[in-house]
Peer 1: 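Let me begin by handing over the structure; questions about it come next.
Sequence positions, counted from 1, serve as the residue numbers for this chain. These numbers were taken from a predicted model, which means no experiment stands behind them.
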Amino acid sequence: MTATTIKARLGAFRRNTEGYVTLEVMLMLPVLFVMFGAAWVYFDVFRQQSINQKANYAIGDMLSRETEELDDTFIDNSFKLFGLLTQNLTDPDELTGRYSADLRVSVVEYNANSRRYSVVWSAARGEYEELKRNEAQTYADRLPAMANNEQVILIETSEDYYPVFNVGLDPLKLRTYSFTHPRYAPQVLFARAQNANNGWGNGDQEAPGGSLCNNNAENATDCSNEDGSNNVEPNRGHGHRYP
């Protein structure tokens, strides 16, 4: 076969438009599947993060409306609610003992004199640890401007996320964070051995202060200290208690 013949046949092959697209499909389908899988995984990450953040807001809003002291049962049920909203198990894995989701609820107070934040009480579920009193300062750049002795409820959650497809995205922690001001009482307290007071008194004669007057109750009728100078601020309740 001469060079002229080879050249003529190559030219004919180049000009020939007959045939099937099977080869092109075989080349492109794997690429399309990879692109679709990657797009789905990244979309699912953002979707799950959004769900977790909304669940975080729901728990924060729920706690902000409480006027009675909270207890461990309330925190346990809040954790179960988070698992229900995000479709996560709130029990540890039988093999590894690890939790797939975590929740931490903390109440943070601001001191205008020292310009520092401090943890009033903290309760954690899952693999989170309760915040220590002085650890609130590490959140200073994420907390709002607050008045002296003002408090906010800090909600933190996390979830272990495992991508369905291997598209270059490693397993990761989806973390959410929010803070909410108490709505119906100055404080949200955690249960303790002795009676507590949420700052309004709730008409509890046995609460700290011994009377509606000393208890800062809004419905106090037996007070004689009109300027409120003798009122006793309620002691704080604690999940993790601090003096």
Peer 1: Taking the six-membered ring of Tyr177, is the NZ or CZ of Arg142 close enough (under 6.0 Å from the centre) and on axis enough (within 45°)?
Peer 2: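 Yes, Arg142 lies over the aromatic ring of Tyr177.
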Peer 1: With a 4.0 Å cut-off on N to O distance, would you call Arg125 and Asp72 a salt bridge?
Peer 2: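 Yes.
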Peer 1: Does any non-hydrogen side-chain atom of Ser122 lie less than 4.5 Å from one of Arg104?
Peer 2: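 Arg104 reaches Ser122 side chain to side chain.
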Peer 1: So, taking the atom named CZ in Phe43 and the one named CD in Gln48, what distance separates them when rounded to the nearest 0.5 Å?
Peer 2: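 Answer for the CZ-CD pair, Phe43 versus Gln48, is 11.0 Å.
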Peer 1: As a test of understanding, state which of Asn52, Asp102, Ile51, Thr176 forms a side-chain contact (heavy atoms from CB on, under 4.5 Å) with Glu159.
Peer 2: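 Answer after filtering Asn52, Asp102, Ile51, Thr176: Asn52.
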Peer 1: Go through Leu174 and Val45 one step at a time and tell me if the side chain to side chain contact (heavy atoms under 4.5 Å, CB included) criterion holds.
Peer 2: CA-CA 8 Å; Leu174 300 180; Val45 171; 4.2 Å; yes
Peer 1: Would the distance check show the side chain of Gln49 and the main-chain N or O of Phe46 forming a donor-acceptor pair, the cut-off being under 3.5 Å?
Peer 2: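 No; judged by distance alone, with no hydrogens or angles, the pair does not exist.
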Peer 1: Given side chains that start at C-beta, do those of Tyr161 and Asp44 come closer than 4.5 Å, heavy atoms only?
Peer 2: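 Answer yes - side chains close enough.
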Peer 1: Quick one: pull up CG in Asn111 and OG in Ser118 and give me the separation to the nearest 0.5 Å.
Peer 2: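 Reported to 0.5 Å precision, the distance equals 7.0 Å.
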Peer 1: From Phe82 CZ over to Ser158 OG, what is the distance, rounded to the nearest 0.5 angstrom?
Peer 2: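 Here the rounded value is 7.0 Å.
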Peer 1: Take a 6.0 Å sphere around CG of Asn148 and say whether it holds more than 12 heavy atoms from other residues, nucleotides or ligands.
Peer 2: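 It does: Asn148 CG has more than 12 such atoms within range.
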Peer 1: Within this structure, what is the CG-OG distance for the pair Asn56 and Ser178, rounded to the nearest 0.5 Å?
Peer 2: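 Reported to 0.5 Å precision, the distance equals 3.5 Å.
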Peer 1: List the steps and the verdict of side chain to side chain contact (heavy atoms under 4.5 Å, CB included) for Val105 and Leu103.
Peer 2: CA-CA 7 Å; Val105 178; Leu103 169 69; 4.3 Å; yes
Peer 1: For residues Tyr117 and Met146, report the shortest heavy-atom separation together with the two atoms involved.
Peer 2: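 Scanning both residues completely, I find the closest heavy atoms to be CE2-SD, 3.6 Å.
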Peer 1: Do side-chain atoms of Tyr42 reach the backbone of Leu169 as a donor and acceptor pair under 3.5 angstrom?
Peer 2: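 No, Tyr42 side chain to Leu169 backbone: no donor-acceptor pair under 3.5 Å.
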Peer 1: Does Lys173, at its NZ atom, have more than 12 non-hydrogen atoms belonging to other residues, nucleotides or ligands within less than 6.0 Å?
Peer 2: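 Result for NZ/Lys173: enclosed.
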Peer 1: Closer than 3.5 angstrom, by distance alone: can the side chain of Glu109 be matched with the main-chain N or O of Val120 as a donor-acceptor pair?
Peer 2: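 Pair absent, no side-chain N/O of Glu109 close to backbone of Val120.
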Peer 1: How close do Asn88 and Thr86 get, heavy atom to heavy atom, and via which atoms?
Peer 2: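 That would be ND2-OG1, 3.0 Å.
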Peer 1: Please report the closest heavy-atom contact between Phe190 and Ile75, naming both atoms and the distance.
Peer 2: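 Nearest pair, atom of Phe190 first, then Ile75: CE1-CG1, 3.6 Å.
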Peer 1: Step through the shown structure and confirm whether more than 12 heavy atoms of other residues, nucleotides or ligands are within 6.0 Å of CG on Leu89.
Peer 2: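 Counting neighbours around CG of Leu89, 12 or fewer heavy atoms of other residues, nucleotides or ligands fall under 6.0 Å, so no.
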Peer 1: Are Val108 and Tyr110 connected in the hydrophobic side-chain network, where two residues link if heavy atoms are under 4.5 Å apart?
Peer 2: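 Linked, Val108 and Tyr110 end up in one cluster.
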Peer 1: Does a side-chain N-to-carboxylate-O contact under 4.0 Å join Arg65 and Asp61?
Peer 2: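 Looking at Asp61 together with Arg65, the answer is yes, because their closest N to O distance falls below 4.0 Å.
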Peer 1: What is the minimum heavy-atom distance between Leu63 and Ser78, and which atoms define it?
Peer 2: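 Minimum heavy-atom contact is CD1-OG, 4.0 Å.
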Peer 1: If you look at every heavy atom in Glu156 and Tyr139, which pair is closest and at what distance?
Peer 2: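 In terms of heavy atoms, the two residues are closest at OE2-OH, 2.7 Å.
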Peer 1: Output, in order, the C-alpha distance, side-chain angles, deciding distance and verdict of side chain to side chain contact (heavy atoms under 4.5 Å, CB included) for Glu69 and Phe74.
Peer 2: CA-CA 10 Å; Glu69 63 182 11; Phe74 191 101; over 6 Å; no
Peer 1: About how many Å separate CD1 of Ile153 and CD1 of Ile59, when rounded to the nearest 0.5 Å?
Peer 2: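 Going from CD1 on Ile59 over to CD1 on Ile153, the span is 12.0 Å.
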Peer 1: Under the side-chain contact (heavy atoms from CB on, under 4.5 Å) rule, collect the residues that match up with Glu135, sequence neighbours excluded.
Peer 2: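 Glu135 satisfies side-chain contact (heavy atoms from CB on, under 4.5 Å) with Leu131, Lys132 once adjacent residues are dropped.
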Peer 1: Would you check, one step at a time, whether the test side chain to side chain contact (heavy atoms under 4.5 Å, CB included) holds for Ser64 with His181?
Peer 2: CA-CA 6 Å; Ser64 72; His181 190 278; over 6 Å; no
Peer 1: I'd like to know if Arg98 pairs up with Glu127 as an ion pair, taking the criterion as any Lys NZ or Arg NE/NH1/NH2 lying under 4.0 Å from an Asp or Glu carboxylate oxygen.
Peer 2: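 A salt bridge links Arg98 with Glu127.
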Peer 1: List the atom of Leu27, the atom of Val31, and the distance in Å for their closest heavy-atom pair.
Peer 2: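 Looking at all heavy atoms of both residues, the shortest contact is O-CG2, 3.8 Å.
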Peer 1: Nearest 0.5 Å, please: how far is CG in Leu154 from CG in Leu143?
Peer 2: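 With rounding to 0.5 Å, CG (Leu143) is 6.5 Å from CG (Leu154).
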Peer 1: Would the distance check show the side chain of Trp121 and the main-chain N or O of Ala191 forming a donor-acceptor pair, the cut-off being under 3.5 Å?
Peer 2: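 Side chain of Trp121 to backbone of Ala191: no pair is present.
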Peer 1: Indicate if Val167 and Trp40 have the same hydrophobic cluster label, given that clusters are the connected sets of ILVMFWY residues with side-chain heavy-atom separations under 4.5 angstrom.
Peer 2: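 As far as the 4.5 Å side-chain criterion goes, Trp40 and Val167 are connected within one cluster.
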